[in-house]
Amino acid sequence: MNYHSINQHVKAAPENEIRTFNDRISHIEGLIAFNIGEPDFPTPENIKEAAIASIQANQSFYSHSRGVLELREEISHYLKRKYLLDYSAEDEIIVTAGATEALYLALIGLINPGDQILVVDPSYVIYQTQIVLAGGETVPIDVSKSDFKLTPDQLEKAILENSNVKALVFNFPTNPTGVTYSAEEIKELAAIIKKHQIFVIADEVYSEFSYESSHTSIASFIPDQTLLVNGASKSHAMTGWRSAFLAGPAELLNAFYPLHQAVVTSPTTQVQYASIEAYSPRSDAAIQMMKQSYQERRDLLFAGMEALGFESVLAAGAFYLFTKVPSWFNGSDVDFCVALAEKVQVATTPGSVFGQAGQGYFRTSYVSSTENLKIYLERLAQFKDLYQ
């Protein structure tokens, strides 16, 4: 058999380098993880109880492929209540098996071979994989010299310099840097997107965790050009549940619907009934509690690393700290993270896995207990002493 004759796009697609690096160091005894963006809180009780109730009620059959209508209605209310967005539950929302599937539908559904997709660099690794799978070309926009924020001038320049731009993938609050955007900044970027008539795939899964100001969705300015990705994984501590959605113009979602059916048939039924509870106002207090805790952890970590002489981007959202590899370390960001793991047993993520603009940085996920974060700072100090 010729095992090399598989789909060339699949063959060319890169692995998830966050997971690959984690596999590289996970065998180290006593390792404390600060490298995976997974909330350490349990799923709120009311959400778990809703899942249990659905099982006991024998709600174990296929749902509608778009998702249970009651859930789509709750998502519609949630988006209106939180972000003043108007989406029809009937044909402008598809419930997906996690945000990864929502991104997949948007990118595979939009891209024709040769289409160029703008991606803010550094960015979440899966965007590149899915663009390659669709036969598109990734065009990175380096934002390392603009405080890791995409500016209107950078966006317009990238559009003008590339003749086949189809869409921008835009994630905020941002993984890996934690930066986010004001309403005015979003409005200015939306104006450029509208002017050039491209699409934006808005990955807003961290929207609940915007610390300094409320989150403004780019869909509020250009709904007809936006494919909105959001979900419960981060905001509701439901990573393993795989609960998310894609919202956008009915014409696009109707076109993507057969792709969604081909991938999952329908989302997991019990997860959907739990998600009805998740998106209801009854879960707001739990989200607020987690947000406050993350902000306190951010403040602790940022101040502690600054005291040790580390230079970090002050995260305004999400739950990551993006930090420069210090000048006293002789090596790459990958070398730095390997040495951290081997010498003081803490796991972080090299910035270069998020793109060329991330080289020379490392990402710390602060979804860990205050006690663990204090241990992290102590071990960073020990690590620094080994080199000075």
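Sequential numbering from 1 along the given sequence is applied to the chain's residues. The figures that follow rest on heavy atoms only: side chains count, while hydrogens, waters and symmetry mates do not.
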Asks: When you look at CD of E90, are more than 12 heavy atoms from neighbouring residues, nucleotides or ligands closer to it than 6.0 Å?
Replies: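 Open: at most 12 neighbouring heavy atoms sit under 6.0 Å from CD of E90.
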Asks: Does this structure show an ion pair linking K82 with E208, if we count only N-O contacts that are shorter than 4.0 Å?
Replies: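 So K82 pairs with E208 through a salt bridge.
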Asks: Can you hop from I94 to M238 via hydrophobic side chains spaced under 4.5 Å?
Replies: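 In one cluster with I94: M238, no.
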Asks: Check S368 against L373 and note the closest heavy-atom contact, atom names and distance.
Replies: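 For S368 and L373, the tightest heavy-atom pair comes out as O-CD1, 3.9 Å.
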Asks: Is it the case that the side chains of T269 and Q59 hold a donor-acceptor pair, with the cut-off being a distance below 3.5 Å and no angle test?
Replies: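 No donor-acceptor contact under 3.5 Å links the two side chains.
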Asks: Apply the side chain to side chain contact (heavy atoms under 4.5 Å, CB included) test between Y366 and each candidate in Y294, Y376, F302; give the one that qualifies.
Replies: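 Only match with Y366 under side chain to side chain contact (heavy atoms under 4.5 Å, CB included): Y294.
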Asks: Tell me whether K374 is salt-bridged to E371, with the criterion being a basic N under 4.0 Å from an acidic carboxylate O.
Replies: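 The answer is no: the pair does not qualify as a salt bridge.
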Asks: Testing F354, F336, F148 one by one against Y361 for a ring-ring contact (aromatic ring centres under 6.0 Å, His included), which residue passes?
Replies: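 Of the listed residues F354, F336, F148, the ring-ring contact (aromatic ring centres under 6.0 Å, His included) partner of Y361 is F148.
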Asks: Measure up the F383 and Y387 rings against each other and bin them: parallel (under 30°), tilted (30 to 60°), perpendicular (over 60°).
Replies: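 Answer is tilted, since the angle falls between 30° and 60°.
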Asks: Does D86 have any salt bridge (charged side-chain N to carboxylate O under 4.0 Å, His left out) partners at least two apart in sequence or in another chain, and if so, which?
Replies: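 Partners of D86 under the salt bridge (charged side-chain N to carboxylate O under 4.0 Å, His left out) test: K80.
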Asks: Check the side chains of N171 and T174 for a donor-acceptor pair under 3.5 angstrom, ignoring hydrogens and angles.
Replies: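 Looking only at side-chain atoms, N171 and T174 do not form any donor-acceptor pair under 3.5 Å.
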Asks: Any chance the side chains of S275 and S243 put a donor and an acceptor closer than 3.5 Å?
Replies: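 Yes - a donor-acceptor pair under 3.5 Å links their side chains.
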Asks: Assess whether atom NZ of K291 is packed by more than 12 heavy atoms of other residues, nucleotides or ligands within 6.0 Å.
Replies: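 Yes.
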Asks: Would you list the pairs meeting side chain to side chain donor-acceptor pair (under 3.5 Å) in which at least one residue belongs to residues 299-321, sequence neighbours left out?
Replies: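 Only Y206-Y320, S312-T323 qualify under side chain to side chain donor-acceptor pair (under 3.5 Å).
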Asks: Linking Ile, Leu, Val, Met, Phe, Trp and Tyr by side-chain heavy atoms under 4.5 Å, what else ends up with L71?
Replies: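 Taking Ile, Leu, Val, Met, Phe, Trp and Tyr as members, L71 shares its hydrophobic cluster with V68, I75, Y78, L79, Y83, L85, Y87, I93, V95, L228, F245, Y273, I276, Y279.
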Asks: Under a 4.5 Å side-chain heavy-atom rule over Ile, Leu, Val, Met, Phe, Trp and Tyr, are L155 and L160 clustered together?
Replies: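 Different clusters: L155 never reaches L160 through Ile, Leu, Val, Met, Phe, Trp or Tyr contacts under 4.5 Å.
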Asks: Taking ring pair (Phe, Tyr, Trp, His ring centres under 6.0 Å) as the test, write out the residues that go with Y181, two or more places apart.
Replies: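 For Y181 the ring pair (Phe, Tyr, Trp, His ring centres under 6.0 Å) partners, ignoring immediate neighbours, are F170, F172.
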Asks: Using a 4.5 Å cut-off on heavy atoms from C-beta on, say whether the side chain of S233 contacts that of R242.
Replies: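 Of all side-chain heavy-atom pairs linking S233 with R242, at least one is under 4.5 Å.
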Asks: Please name all residues satisfying side-chain contact (heavy atoms from CB on, under 4.5 Å) with I52, sequence neighbours left out, ordered by chain then number.
Replies: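 Result, side-chain contact (heavy atoms from CB on, under 4.5 Å) vs I52: Q56.
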Asks: Quick test of your reading: applying side chain to side chain donor-acceptor pair (under 3.5 Å), list the pairs with at least one residue in residues 109-120, sequence neighbours left out, ordered by first then second residue.
Replies: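 Checked against side chain to side chain donor-acceptor pair (under 3.5 Å) - neighbours excluded - the pairs reaching residues 109-120 are D115-K166, Q116-E137, Q116-N162.
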Asks: Specify the closest pair of heavy atoms between L321 and A315, including all atoms of both residues, with the distance to one decimal.
Replies: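 Between these two residues, the closest heavy atoms are CD1-N, 4.2 Å.
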Asks: Could you report the tightest heavy-atom contact between I198 and Q225, atom names first, then the distance?
Replies: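 Reported closest heavy-atom pair: O-NE2, 2.7 Å.
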Asks: Side-chain heavy atoms under 4.5 angstrom apart, residues restricted to Ile, Leu, Val, Met, Phe, Trp, Tyr: same cluster for F209 and W241?
Replies: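 Cluster IDs for F209 and W241 differ.
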Asks: Any ion pair linking R282 and E74 (charged N to carboxylate O, less than 4.0 Å)?
Replies: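 No, this pair does not count.
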Asks: Taking atom types as modelled and ignoring hydrogens, do the side chains of T370 and R297 form a donor-acceptor contact shorter than 3.5 angstrom?
Replies: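 Their side chains do not contain a donor-acceptor pair, so the 3.5 Å distance test is not met.
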